[in-house]
Amino acid sequence: MNTVRLNAYAKLNLTLDVTGKEGEYHTLDSLVCSINLFDRIVVKKRKDALVNVTMRGMGSEEIPPEKNNAVKAAEAFVSRFRTQGADITVYKNIPIGAGLGGSSADAAGALLGLSKLYKTEDFSALKEIADRIGSDAGYMLTGGLARLTGRGTQAEFLGAFPRLHFLLLCPKEGVSAGRCYGAYDKAAQTNAPCTQAAVAALKQNDLHAFGGLLKNDLYGAAASLCEGVKRALEEAKSFSPLGAAMTGSGSAVFALFETEELCAWAKSRYRGKFRAYVVKTVTNKKKGARSPFALSEEEREFN
């Protein structure tokens, strides 16, 4: 095997409670899920120990190597496992700076692609590398529905759950996570937690109650930095979804609908200026596979 191809899936923070700080880092309690919006990653074996990462699309060509999480992950893999290097191409479809976890997904995808290419089985070592790169990169190695706590590196994966359907709106302007957390601290707001109740509602398959619990403590801070965040959420709510919220530190927002048909209806009537996608949760259908990255290639279900 000289080439590995895989999908690196985006995530949504269905809830996000800021619970405190540990040193310089904020602690969270967040319900997250993988969605079928993905970057395509191609990993090709090299004969030397060098790593070369090429980015394509979404303006990713301008990301400097020293700030590219796929580069960091691949170089850390080669150093840790003493393997040969790789030429990695990332075809971006996940908007940058949107709170969809694109850079963490690319890091996880690079690690999983290299692991498959060089037949390494030490998943705990991959998780250790991923956790050093980004708070949610370790979660991205597995994906699915999970409750993240602490810095986001502690994941409790949940069992069977109903497939969820969303209309996703993405402003062109991204939001810096660092600036967003800084604005959150400056505002010194206190919000009631919702993650525990949201998990309980989802386990009971009560989508109406669940929709009313979608919330993100960082929304106010992100909206103060990016006017598009507030506008996108207002537009998402205009279709009367079960619930709507921002993901991550913004700038993307999502609206939950009961069915995929209702999502498609909302998108067909959307007249705003933001990029709109109909997306759904990704589940791992391949028995025994540890990650949705291990699934066979899916047709893209977004435009």
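- Cation-pi check for R151 over Y25 is met; the charged atom lies under 6.0 angstrom from the ring centroid and within 45 degrees of its normal.
- With L242 as the fixed residue, the side-chain contact (heavy atoms from CB on, under 4.5 Å) test singles out one of L256, L164, L214: L256.
- In summary, K21 and D185 engage in a salt bridge, as defined by a charged side-chain N under 4.0 Å from a carboxylate O.
- For the pair S115 (side chain) and L112 (backbone), a donor-acceptor distance under 3.5 Å is absent.
- Contact annotation: the side chain of F257 approaches that of P241 to within less than 4.5 Å [non-hydrogen atoms, C-beta and beyond].
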Between E235 and Y270, is the side-chain hydrogen bond (donor to acceptor under 3.5 Å, both in side chains) condition met? List the steps.
CA-CA 8 Å; E235 292 179 350; Y270 178 65; 2.5 Å; yes
Run the numbers on K92 and D39 for salt bridge (Lys or Arg N to Asp or Glu O under 4.0 Å), then give the verdict.
CA-CA 5 Å; K92 292 291 294 181; D39 292 344; 2.6 Å; yes
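- For the pair I94 and G102, the tightest heavy-atom approach, listed with the atom from each and the gap, is CG2-CA, 3.9 Å.
- Side-chain atoms of D136 do not come within 3.5 Å of backbone N or O of Y139 as any donor-acceptor pair.
- A heavy-atom distance below 4.5 Å is found between the side chains of T3 and V42.
- Considering T15, D29, T195 as possible partners of R147, the one that fulfils the side chain to side chain donor-acceptor pair (under 3.5 Å) test is D29.
- A side-chain donor-acceptor contact under 3.5 Å links Y118 to the backbone of G85.
- Under the 4.5 Å side-chain criterion, counting only non-hydrogen atoms from C-beta, V199 is not in contact with F210.
- Side-chain contact between L31 and L145: present, with at least one pair of heavy atoms (C-beta onward) separated by less than 4.5 Å.
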Apply salt bridge (Lys or Arg N to Asp or Glu O under 4.0 Å) to the pair E234 and K237, showing each step before the final yes or no.
CA-CA 5 Å; E234 290 173 347; K237 289 182 176 180; over 6 Å; no
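- For N36 (side chain) and V282 (main-chain N/O), no donor-acceptor pair under 3.5 Å exists by modelled atom type.
- Of the possible donor and acceptor atoms, none in the side chain of E227 sits under 3.5 Å from a partner among the backbone N and O of A223.
- Nearest heavy atoms, A222 versus M246: CB-SD, 3.4 Å.
- In this structure the side chain of S104 never reaches within 4.5 angstrom of the side chain of I133, judged on heavy atoms.
- Side chain of S251 to backbone of V229: no donor-acceptor contact under 3.5 angstrom is found.
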Any chance you could lay out the side-chain contact (heavy atoms from CB on, under 4.5 Å) test for S60 and V90, step after step, and finish with the verdict?
CA-CA 9 Å; S60 60; V90 179; over 6 Å; no
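- Ring pair F254/F166 is perpendicular by interplanar angle, where above 60° counts as perpendicular and below 30° as parallel.
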Where do R80 and D122 land on the salt bridge (Lys or Arg N to Asp or Glu O under 4.0 Å) test, with the steps shown first?
CA-CA 11 Å; R80 170 65 176 80; D122 192 346; 3.5 Å; yes
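- Within the 4.5 Å cutoff, no side-chain heavy atoms of Y9 are placed close to those of L37.
- With hydrogens and angles ignored, the 3.5 Å screen pairs a side-chain donor or acceptor of T247 with a backbone N or O of N13.
- Side-chain contact check for V53 versus V51: some heavy-atom pair is nearer than 4.5 Å.
- Taking a 6.0 Å sphere around CZ of R179, one finds it holds 12 or fewer heavy atoms contributed by other residues, nucleotides or ligands.
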side-chain contact (heavy atoms from CB on, under 4.5 Å) between D106 and M55: does it pass, once the steps are laid out?
CA-CA 10 Å; D106 294 342; M55 307 295 293; 4.1 Å; yes
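- The backbone N or O of T153 sits less than 3.5 Å from a side-chain atom of K127, completing a donor-acceptor pair.
- The backbone N or O of H26 lies less than 3.5 Å from no partner atom in the side chain of Y181, so there is not a single donor-acceptor pair.
- A distance-only check finds no donor-acceptor pair linking the side chain of N93 to the backbone of R40 [under 3.5 Å].
- The nearest pair of heavy atoms linking R46 to N52 is NH1-CB, 4.3 Å.
- Annotation for E62: atom CD does not count as buried by contact number, only 12 or fewer foreign heavy atoms lying within 6.0 Å.
- Within the 4.5 Å cutoff, no side-chain heavy atoms of T89 are placed close to those of K44.
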